[in-house]
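All remarks here apply to the structure that follows.
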Amino acid sequence: MVSAGYLPVVNGMGGYALVKPDIAEREGDWQDIWWLGLTLSWDLNLGGQEFSQSKQASETVRSLEMRRKDLEESLLLQARIARNNIAEAYNVYAIRREEHSLASRRFALAVDVQKAGRMTVNRLLELEADLTQTEQQFEAARLQYHAAVTDYLYAVGSGAIR
């Protein structure tokens, strides 16, 4: 469009009409009228305003394209990181679940041993504290896993987050 602004614009028009110039009784003849017209306009654009506006618009488009690509890459990276965080959180969750299972069996065995009189109550209380600690760690890992899944769903824009 800017290049077209440097070219001259030529407009032409023409026409024909059959008219009766006066409606009076003396003028009874119809007359032919022909007309032609030609206009020439040429914007010299000596200041270069259109060219600079065109250049500015193309640079703006290029900048926006680069920002779009950067944003796209950033979103893909966030999704990849979130997916990796899910795997990491699940591994921690599985380890904590196994630790909790072992602590539960250890505590159940310790209760039987303490009832048989072969373990002190203090040692049983220590094992119960260990069981409580592993249970808390297991629940924290479970919540961390669900938070990682939620972060991933958010990162990919899934409707399942609702």
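Residue numbers count from 1 along this sequence.
Between Lys69 and Glu72 the shortest side-chain heavy-atom distance does not fall below 4.5 Å.
Of all heavy-atom pairs spanning Tyr152 and Arg83, the tightest one is CD1-N, 3.7 Å. Closest approach of Ala89 to Tyr145, counting heavy atoms only: CB-CA, 3.7 Å. Nearest approach of Val92 to Ala141, heavy atoms of both residues: CG1-CB, 4.0 Å. Smallest separation of non-hydrogen atoms from Val156 and Ala79: CG1-CB, 3.8 Å.
Residues Leu125 make up the rest of the hydrophobic cluster containing Val121, defined by ILVMFWY side-chain heavy atoms closer than 4.5 Å, directly or through other members. Grouping Ile, Leu, Val, Met, Phe, Trp and Tyr residues whose side-chain heavy atoms lie under 4.5 Å apart, directly or via other members, places Leu77 in a hydrophobic cluster with Ile81.
For the pair Ser63 (side chain) and Glu59 (backbone), a donor-acceptor distance under 3.5 Å is absent. Between the Ser101 side chain and the Arg97 main chain, no donor and acceptor come within less than 3.5 Å of each other.
One finds the CD1 atom of Ile95 at 14.0 Å from the OG1 atom of Thr134 (value rounded to the nearest 0.5 Å). In this structure, CD in Gln133 is found 12.5 Å from NE2 in His100, a value given to the nearest 0.5 Å. Note that CE of Met66 is 10.5 Å distant from CG of Leu64, once rounded to the nearest 0.5 Å. To the nearest 0.5 Å, atoms NE2 (His146) and OH (Tyr90) are separated by 11.0 Å. Within the model, atoms CD of Gln144 and CG of Asn85 stand 8.5 Å from one another, a figure rounded to the nearest 0.5 Å. To the nearest 0.5 angstrom, Leu131 atom CG is 11.0 Å from Leu102 atom CG.
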Please evaluate residues Leu38 and Asn11 with respect to the criterion side-chain contact (heavy atoms from CB on, under 4.5 Å), reporting the C-alpha separation (whole Å), side-chain torsions for both, the decisive distance (0.1 Å), and the verdict.
CA-CA 6 Å; Leu38 187 64; Asn11 293 315; over 6 Å; no
Passes side-chain contact (heavy atoms from CB on, under 4.5 Å), Phe107 versus Leu124? Steps please.
CA-CA 7 Å; Phe107 180 72; Leu124 182 66; 3.7 Å; yes
Does the pair Tyr16 and Asp32 meet the rule for a side chain to side chain donor-acceptor pair (under 3.5 Å), with working shown?
CA-CA 7 Å; Tyr16 168 78; Asp32 293 329; 2.5 Å; yes
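More than 12 heavy atoms of other shown residues, nucleotides or ligands fall within 6.0 angstrom of atom CZ in Arg68. When the shell of 6.0 Å around CD of Gln114 is examined, it contains more than 12 heavy atoms from other residues, nucleotides or ligands.
Between Arg123 and Glu126, at least one side-chain N (NZ, or NE/NH1/NH2) sits under 4.0 Å from a carboxylate O, which counts as a salt bridge.
Counting only residues at least two apart or on different chains, the salt bridge (Lys or Arg N to Asp or Glu O under 4.0 Å) pairs with a member in residues 138-155 are Glu139-Arg142.
A single hydrophobic cluster is not seen to contain both Ile86 and Leu143; linkage of ILVMFWY side chains at heavy-atom distances under 4.5 Å, directly or through other members, places them apart. Leu127 and Phe138 are not part of a single hydrophobic cluster, where members link through side-chain heavy atoms under 4.5 Å apart.
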